[in-house]
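What follows is a short report on a single structure.
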Amino acid sequence: MPQYWLMKSEPDVFSFEDLKSRPGSASLWDGVRNYQARNLMRDQMKKGDLVLFYHSSCAEPGVQGLAEVVSEKAVPDPTQFDEASEYFDPKATKEAPRWFCVKIGYREPFRQAVTLAAIKEEAALEDMLVRKRGQRLSVQPVEAVHFRRICEMGGVS
DNA sequence: GCCAACGTTGGC
DNA sequence: GCCAACGTTGGC
């Protein structure tokens, strides 16, 4: 049974289209430096899980389409070891990595984006984490019923 | 272990 | 650009 997730990205930094244009239409979800998000990726996410790709910090925040977890499990985030990277972490070692990430693959665009405004107007989505104000977690678990409803709203079955 | 200060997120 | 909410840091 796949699980469902919502993953936030700023489109100026890494958009849904960017994911599509990557080699193999897949990319490591690196650069996450939040322990809760790390733990979800490291301990919960499995190959085949489906992901709502969400654009944040932009004119129309919302879900753009579907992605999926393509790595078998989480791997150490290579940017933590890279001194030239803005995500370099001097306290991380190869023997004891601090940050983990999964690989995400492009799956399918929505016919129309499901905006945060639309999510907030939909009674069936009342309990979604992304609706909660002050919810900053960039990797969020999504209930199956909510996932299916978002897909319907996006014009994808 | 507390908690104030600070930095970041992210909608608006 | 504002600012509320939240996470992290570091002195004690």
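The sequence lines fix the lettering, A, B, ..., with proteins before strands; numbering per chain opens at 1.
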Would you tabulate the pairs of protein nitrogen or oxygen atoms and nucleotide nitrogen or oxygen atoms of nucleotides 1-9 of chain B closer than 3.5 angstrom?
from	atom 1	to	atom 2	distance (Å)
B/dT8	O2	A/Arg136	NH1	2.4

Original post:
Starting at the 5' end of DNA chain C and moving along, which residue's nearest nucleotide shows up first, A/Lys91 or A/Gln36?
Top reply: A/Gln36
Original post:
Counting only heavy atoms not in A/Gln44, do more than 12 fall under 6.0 Å of its CD?
Top reply: yes
Subject >> Whether over 12 other heavy atoms sit under 6.0 Å from A/Gln36 CD >> reply: no
**OP:** Give the ring-plane orientation class for A/Trp29 versus A/Phe53, where under 30° counts as parallel, over 60° as perpendicular and anything between as tilted.
**Re:** perpendicular
**OP:** Return the minimal non-hydrogen interatomic distance between A/Cys101 and A/Leu28, and the atom names on each side.
**Re:** SG-CD2, 4.0 Å
Original post:
Which is true for A/Lys120 with a 4.0 Å heavy-atom rule: it touches a base, it touches only sugar-phosphate, or it touches nothing?
Top reply: sugar-phosphate
Original post:
Can you tell me if A/Asp49 uses its side chain to pair, donor with acceptor, with the backbone of A/Lys46 under 3.5 Å?
Top reply: yes
